[in-house]
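Structure first, commentary second.
The analysis underlying the following values was restricted to heavy atoms, covering all of them including side chains, and did not include hydrogens, waters or symmetry mates.
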Amino acid sequence: MSSEEQLLEEVTGSEYKYGFYTDIEADKVPAGLNEEVIRIISAKKNEPQWMLDWRLDAFEKFQKMTEPDWANVTYAKPDLQAISFYSAPKQKKELASLDEVDPELLKTFTKLGISVDEQKRLSNVAMDVVVDSVSVATTFKKTLAEKGIIFCPISEAIQEHPELVKKYMGTVVPKTDNYYAALNSAVFTDGSFCYIPKGVRCPMELSTYFRINEAGTGQFERTLLIADKESYVSYLEGCTAPTRDENQLHAAVVELIAMDDAEIKYSTVQNWYPGDASGKGGVFNFVTKRGICEKNAKISWTQVETGSAVTWKYPSCILKGENSIGEFYSVAVTNNYQQADTGTKMIHLGKNTKSTIISKGICAGKSNGSYRGLVKIGPRAENARNFSQCDSLLMGSSCGSHTFPYIETQNKSAKVEHEATTSKIGEDQIFYCNQRGIGTEEAIALIVNGYCKDVLNQLPMEFAVEAQKLLAISLEGSVG
Amino acid sequence: MLKINDLHAGIEGNEILKGINLEIKPGEVHAIMGPNGSGKSTLSSVVAGREEYEVSKGAIDFEGEDLMDLDPEERAHKGIFLSFQYPIEIPGVTVTNFLKTAINETRKAKGEEPMPANIMLKKMREKMALLEMDKGFLSRSLNDGFSGGEKKRNEIFQMAMLEPKLAILDETDSGLDIDALRIVANGVNKLKSKDNAVLLITHYQRLLDYIVPDFVHVLYKGRIVKSGGKELALELEAKGYDWIKEEMAL
């Protein structure tokens, strides 16, 4: 094992040293999944009756469903009766200063270029009240409120804006959409809610704000984002810093609603614990993400996925309104024993709808990466257009890359293009870089970033830089 | 500057270089000529440190230091530059980004700060003017979709930016039309100084009309079989390689 792999392993495994503890024993629901558990979750959150009913209905439907097995991944199915579905917000041991943080973890933070304040937040160091980020957060809140933008935890939205939640939750991803979406609908604990009023252009990337407020994301996140007519929002979830979690199963649901002439840009950087170099441990990331576009609306998904042991994720667009546009830009990296089955669905229902899919897979070690995508053109989708490009980059000879493109057209005027390439980082390329004074690790980072450029360009600026570094770290030690 | 002593090297068990001796001093231009398969490109690869080649015997010494234990990038940091016969394409990486990385990695290795962006840009403009290159070049993906001539010009542009002590130009003339050849040669000549040296590897005399060598060596079957001044190249051009082969057979 190279020193980089060791570092990566130490970094990704180190937080367990500090351990977690549950605040108050009584605040934890016994393991297992049943109606009682759902009632407890709902009661803990003081939810209105309609929300509880919604959850129970989802649970009833969930019980009749079975876990799907069509994805190109193999894993031991999680035992739902062994999971505790509600516990008080996890409290990590608070440290007095950065000196107490694992130096290896700090090294990774530095490599990623994360500011000292944020390093403290991520490693749970107590911060002064006057620390910049806190005051910044307050400023953000004020700016957003002035524009009428609602941005809060979904549990808060259920209390404060029940009419919006009631109207839209489950309309894009129905409770019965799939096994894990149904599970999420029954037991989701928290997540984000965002509403952009008509004609408002959200004045900032919601990323920064989000990163400040979402230190410990939940196991069953639920996100609902509504962009009213002619509005615009760019939203970023996730974090480039190594994120560890004791929860093995993550099943999130994200719903986006772009009304007439609205635009939503949704970017994700996912860096959950991928398991160690021998394939032990790691997060199962089974996510349902979907957006619906009304007339002239646009939804753009951008994702950089480097973490999780098993990923299973297809951010999709339903292009319902005429002239609506769906985009999917993805980089999925798998290393060691990671498995990823990811892609998108573009469902063209309206006239003159357009979609673009750019998927870049990078496989190293003994990992397996698959692109799975569906382009569906409905009978009324006159002149629908799709362009898909699915590239894979292999490093070494023990990894696997697969492409499963599905195309269904029911309208003769549709134009669907699919391009796919598979390439390997060549010794020639590396030697060429070496000869110009660029070391092998640096050369790989350069080549990989060049390969991913079309996707990285879609990310908000400050995150693109971090994502580039993240890609390099994820692949350290994978060649030579 | 460069001293090669009884160098034996090959690839996958085949010995290609069978005892090369060569000394290059600062300010000199050497040309190595020879028929196909004589080992010209192997020699440049071995000096640059390409891993696939095994050195079985002999030594390469650069400015008093043994090169054998150095990685290719360390050799580059010491000032060895190889202009590739077939430059490699790196999609998505712009010429600017590639050069910036190369220059700053080299500076880092020497314990220097990265080159400030404005200085780098100024230098790029200067060198591009020298090689009569279009400004749009900088934002193109490295060698991706470049014509043969553009690739070679880009190699010399990189050389101009990196300012090596020893530049090895491996068949830089191949694939160049006469105008491009003149521009490239002109660039190389302008970059020449009393402190740096050039090793030209070529098939044809043509390039040597523009970059005039101090020494010409004929490489044949892995050995330097004849050395002389620039007139040797003219002789080769006139008589072809057969007379060397005949001499060798005797």
For [X], look at atom [atom1] and say whether over 12 heavy atoms of other residues, nucleotides or ligands are found less than 6.0 Å away.
X      : atom1 : answer
A:E427 : CD    : no
B:Y86  : OH    : no
B:K3   : NZ    : no
B:E112 : CD    : yes
B:K100 : NZ    : no
A:K354 : NZ    : no
A:K265 : NZ    : yes

### Task
Over all heavy atoms of both residues, which pair between A:G437 and B:A76 is shortest? Give the atoms and the distance, please.
N-CB, 3.5 Å

### Message
Could you check whether any side-chain heavy atom of B:I88 comes within less than 4.5 Å of a side-chain heavy atom of A:F431, counting everything from C-beta outward?
### Response
no

### Query
With a 4.5 Å limit on heavy-atom distance, are the side chains of A:Q429 and B:L142 in contact?
no

Between [X] and chain A, with a heavy-atom cut-off of 4.5 Å, which part of the residue counts as in contact: side chain, backbone, both or neither?
X      : value
B:R75  : neither
B:L162 : side chain
B:A109 : neither
B:N143 : side chain
B:P164 : neither

### Query
Short question: side chain of A:Q435, backbone of B:I80 - any donor-acceptor pair under 3.5 Å?
yes

### Query
For the side chain of A:R436 and the backbone of B:F81, is there at least one donor-acceptor N/O pair under 3.5 Å apart?
no

For the atom pair [atom1] ([X]) and [atom2] ([Y]), what is the distance rounded to the nearest 0.5 Å?
X      : Y      : atom1 : atom2 : value
B:E51  : A:T440 : CD    : OG1   : 7.0 Å
B:E155 : A:Y432 : CD    : OH    : 3.5 Å
B:T101 : A:L446 : OG1   : CG    : 5.0 Å
B:E52  : A:D428 : CD    : CG    : 7.5 Å

Name the region of [X], side chain, backbone, both or neither, that has any atom closer than 4.5 Å to a heavy atom of chain B.
X      : result
A:E442 : side chain
A:C433 : both
A:Y451 : backbone

